[in-house]
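In each ligand, atom 1 is the first atom listed, and ligand 1 is the first ligand listed.
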Amino acid sequence: MATTPLSLSSVFSSKLSTTHSIFPTRRKELNRRRIIVVTSSAGGGGKPTILVAEKLGQAGIDLLRKFANVDCSYDLSLEELCTKISLCDALIVRSGTKVGRDVFESSRGRLKVVGRAGVGIDNVDLAAATEYGCLVVNAPTANTVAAAEHGIALLTAMARNVAQADASIKSGKWMRSKYVGVSLVGKTLAVLGFGKVGSEVARRARGLGMHVITHDPYAPADRARAIGVELVSFEVAISNADFISLHLPLTAATSKMLNDETFARMKRGVRIVNVARGGVIDEEALLRALDSGIVAQAALDVFTVEPPVKDNKLVLHESVTATPHLGASTMEAQEGVAIEIAEAVVGALQGELAATAVNAPMVPPEVLRELKPYVVLAEKLGRLAVQLVTGGSGVNAVKVTYASSRSPDDLDTRLLRAMVIKGIIEPISSVFINLVNSDYVAKQRGVKISEERMVLDGSPENPIEYITVCIANVESRFASALSASGEIKVEGRVKQGVPSLTKVGLFGVDVSLEGSVILCRQVDQPGMIGRVGSILGDENVNVSFMSVGRIAPGKQAVMAIGVDEQPSKETLKRIGDISAIEEFVFLKL
Ligand SMILES: NC(=O)c1ccc[n+]([C@@H]2O[C@H](COP(=O)([O-])OP(=O)(O)OC[C@H]3O[C@@H](n4cnc5c(N)ncnc54)[C@H](O)[C@@H]3O)[C@@H](O)[C@H]2O)c1
Ligand SMILES: O=C(O)[C@H](O)COP(=O)(O)O
């Protein structure tokens, strides 16, 4: 399936689920100033040159050839890639080519677009791309079904020892009793990550007669219900599963999510499939779990280091079925991905913006200068709010309120909205969000962003007095973050140029949004700040700010503590063990 590239004007005029139209009359003027993101310095014959560095479906190559000189050179060494790149306007890769800073440096400004023919862009240095003014686009949808089908292929092959039995018969043996498998029907499959691939795996597993449960705190419950899948907590998922299938992005929160501790809480004899990213599993711990029998079998398409070293113990393990990152490798998916990426790259070289752009430095400097601290504030409020979510019907209704004494025409909030979306979605996905793709990604994930302007009296010296981010229809892991109407609510202001958190739920606080934040609800009483401060001090965790917001003296209060470093689990436990503390949460900014 190909996505339609959006022209700049369609990106800016796309109608979103805003309750108020907040596009200013200055929009035309802004558009004029940003009209070209990419200008191609065409090489031979007036056409741009596109280097295709990994095998791409023919339909995509044909499409590229209509517009550009196409150089298909595979298996280039880094040196060869760096030499060639200075003659190219665009580069197309899959996951096997590292596009690091040295590649952008070597292009000496000619490289304008990098196209990743697939989802994950772990192999492209986005910061360097942005720094060198190079747009990066990907193809996030065309290989979903292929990845899901590979997940199911691994699940069934593992359960029936297909790979092991095949190797055995090819070596001249006939071992029928050794390769007795297990049945899938009636077994519980836990799908971790209910996004594009996870939901397709769940749908197929239902068709195989499996009982499917899923854990994904950010997925809409109605989407799961619609295919007969139950959304459950992580604990319920891993402790009830006969099979676990991983479909999560690799993020700070999911890195080594399956580890010694989590394996120990699984049913003995559980079987695991991973077609997501190798780093989601602690591979050493998996080896131990396989050897001790906690995990009966694993089927792995992805590895922390790819290709894995020759004598990788997991790959060689009798109970492991392994494939070399083949999830997206079907003829159909590769044709689809090739078309999707070719359209995006050609569009970008023609000055259009692909809906799948993952970076784009395109805010006029004068707007950015004024909004800079608010941009940081907006992202951090989004990041805080989403970390407070624990369950419910998924993150699908977000309201952003801007309180300002400026006339709506004089306040362009598109960048702020993009940054709230970035803060909410990036910690829970592998997607990179910017002004270009934020609304697209939010819409694709079913997250409705509504915006509200609160017009204040007074001098319009500051563009914004405060920003509030609310997430509705969710449960919070810090109940005090809920507003009177039951939404997660955080509010912040820019104070002397520094973004600060000023309200959590109904409690006023005052903590600068730097480092990380611990929120505690306690019965208001003297000495609490000192007790928590000294526990943090014991571990040399530097406290940057502390503030207490209370309903009334002696009643409940929320204490917000800014810390420079992440406290250890033991230190957080000691804070939680203080008897006056009713609930607490640690939030990374
Ligand atoms: N093996 C392959 O060839 C292949 C092919 C395609 C995709 N992939 C990988 O599969 C994974 C899923 O891809 P996708 O396209 O479905 O992505 P997606 O963004 O559509 O879905 C990911 C889901 O994970 C959820 N999630 C994020 N953090 C979570 C957490 N801490 N706990 C539980 N759920 C969490 C998100 O809410 C989202 O619903 C990615 O890692 C992608 O790179 C691999
Ligand atoms: O991120 C992806 O799209 C998949 O992991 C597939 O990667 P590939 O294009 O290298 O097969």
One pair to check against side-chain contact (heavy atoms from CB on, under 4.5 Å): L258 and M266. What are the steps and the verdict? CA-CA 10 Å; L258 300 196; M266 292 176 191; 3.8 Å; yes
With atoms numbered from 1 as shown, which atoms in ligand 2 lie under 4.0 angstrom from a non-hydrogen atom of G120? 1 (O), 2 (C), 3 (O)
Look up atom CG in L189 and atom CE in M210, then write down how far apart they are to the nearest 0.5 Å. 4.5 Å
Report yes if some N/O of T144 lies less than 3.5 Å from some N/O of ligand 1; otherwise report no. no
Would you give the length of the straight line joining atom NZ of K98 to atom CG of D125, rounded to the nearest 0.5 angstrom? 9.0 Å
Subset of ligand 1 atoms that lie under 4.0 Å from at least one heavy atom of H325: 1 (N), 2 (C), 3 (O)
Look up atom CD in E235 and atom CD1 in I238, then write down how far apart they are to the nearest 0.5 Å. 5.0 Å
Which ligand 2 atoms, with their elements, are less than 4.0 angstrom from a heavy-atom of G118? 3 (O)
Which part of F234 is near ligand 1, with near meaning a heavy atom under 4.0 Å away: side chain, backbone, both or neither? neither
For atom 11 (O) of ligand 2, the protein heavy atom that lies nearest, with its residue and separation: R94 NH2, 2.8 Å
Give the contacting part of N143 toward ligand 2: side chain, backbone, both or neither, where contact means a heavy-atom distance below 4.0 Å. side chain
Can you tell me if P249 has a non-hydrogen atom under 4.0 Å from ligand 1? yes
Just to check, does L192 reach to within less than 4.0 Å of ligand 1 when the distance is taken from its heavy atoms? no
Does ligand 1 have an atom that lies less than 4.0 angstrom from a heavy atom of P217? yes
Apply side-chain hydrogen bond (donor to acceptor under 3.5 Å, both in side chains) to the pair Q297 and T321, showing each step before the final yes or no. CA-CA 8 Å; Q297 289 181 299; T321 304; 5.7 Å; no
N143 heavy atoms, cut-off 4.0 Å: which ligand 1 atoms fall inside? 6 (C)
For atom 39 (O) of ligand 1, grab the closest protein heavy atom and report residue, atom and distance to one decimal in Å. D216 OD2, 2.6 Å
May I ask you to check whether T214 and R223 show a side-chain donor-acceptor distance below 3.5 Å? no
List the closest protein heavy-atom neighbour of atom 26 (N) of ligand 1: residue, atom name, distance to the nearest 0.1 Å. I428 O, 3.6 Å
For residues H215 and P217, determine if any side-chain heavy atom of one lies less than 4.5 Å from a side-chain heavy atom of the other. yes
Can you find a pair of side-chain heavy atoms, one from Q566 and one from S516, that are under 4.5 Å apart? no
Tell me, do M257 and T262 make a side-chain contact under 4.5 Å, heavy atoms counted? no
Side chains of T323 and D301 only: does a donor on one sit below 3.5 Å from an acceptor on the other? yes
T304 and its side chain to side chain donor-acceptor pair (under 3.5 Å) partner, picked from E283, R277, K256: E283
At less than 4.0 angstrom from any non-hydrogen atom of G193, what atoms of ligand 1 do you find? 24 (O), 34 (N)
re atom 10 (O) of ligand 2, the protein heavy-atom contact at minimum distance is S95 OG, 2.3 Å
Ligand 2 contact on R116 by region, counting heavy-atom pairs under 4.0 Å: side chain
Distance under 4.0 Å to a non-hydrogen atom of R277: what atoms of ligand 1 satisfy this? 41 (O), 43 (O), 44 (C)
Test side-chain contact (heavy atoms from CB on, under 4.5 Å) on E306 and V302; report intermediate values, then the result. CA-CA 8 Å; E306 291 185 1; V302 283; 3.6 Å; yes
Of the backbone atoms (N, CA, C, O) and the side-chain heavy atoms from C-beta on, which set of A328 has a member under 4.0 Å from an atom of ligand 2: side chain, backbone, both, or neither? side chain
Contact between ligand 1 and D301 is defined here as a heavy atom of the residue under 4.0 Å from a ligand atom; is it met? yes
Could you identify the single nearest non-hydrogen protein atom to atom 4 (C) of ligand 2 and state the distance to 0.1 Å? H325 NE2, 3.6 Å
In ligand 1, the atoms that come under 4.0 Å of a heavy atom of M257 are 31 (N), 32 (N)
Please could you name the atoms of ligand 2 that V119 approaches to less than 4.0 Å, counting only its heavy atoms? 1 (O), 2 (C), 3 (O)
Would you give the length of the straight line joining atom CD1 of I449 to atom CZ of R417, rounded to the nearest 0.5 angstrom? 8.5 Å
Check each heavy atom of A117 against ligand 2 and say whether those closer than 4.0 Å belong to the side chain, the backbone, both or neither. backbone
Do L314 and L290 come within less than 4.5 Å of each other through their side chains, counting heavy atoms only? yes
What is the nearest protein non-hydrogen atom to atom 13 (O) of ligand 1, stated with its residue, atom name and distance? V197 CG2, 3.9 Å
Looking only at protein heavy atoms, what sits closest to atom 31 (N) of ligand 1 is T254 CG2, 3.6 Å
Exceeds 12 heavy-atom contacts within 6.0 angstrom, atom NZ of K267: yes
So which heavy atom in the protein is nearest atom 10 (O) of ligand 1, and how far is it from that ligand atom? A276 CA, 3.6 Å
Under 3.5 Å between some N or O of ligand 1 and some N or O of A328? yes
Nearest to atom 22 (C) of ligand 1 by heavy atom, H150, K196, R94, H247: which? H247
Below 4.0 Å from ligand 1: does a non-hydrogen atom of R445 turn up there or not? yes
Smallest heavy-atom separation, A296 atom then S319 atom, equals O-CB, 3.4 Å
When distances are taken from atom 44 (C) of ligand 1, the protein heavy atom at minimum range is V275 O, 3.0 Å
How does L248 reach ligand 1, by side chain, by backbone, by both or by neither, if only non-hydrogen atoms under 4.0 Å count? both
Looking only at heavy atoms of R277, does any of them come nearer than 4.0 Å to an atom of ligand 2? yes
Nearest-contact summary for atom 5 (C) of ligand 1 - protein heavy atom, Å: A147 CB, 3.5 Å
Please tell me if the side chains of L246 and V275 come closer than 4.5 Å, counting only heavy atoms from C-beta onward. no
Suppose we measure from atom 21 (O) of ligand 1 to each protein heavy atom; which comes out shortest, and what is that distance? G195 CA, 3.3 Å
Can you tell me how far OG1 of T571 sits from CZ of F586, rounded to the nearest 0.5 angstrom? 11.0 Å
Does atom CZ of R477 have more than 12 heavy-atom neighbours from other groups under 6.0 Å away? yes
Euclidean distance, R271 CZ relative to M158 CE, rounded to 0.5 Å: 7.0 Å
Contacting atoms of ligand 1, where contact means under 4.0 angstrom from a heavy atom of F194: 39 (O)
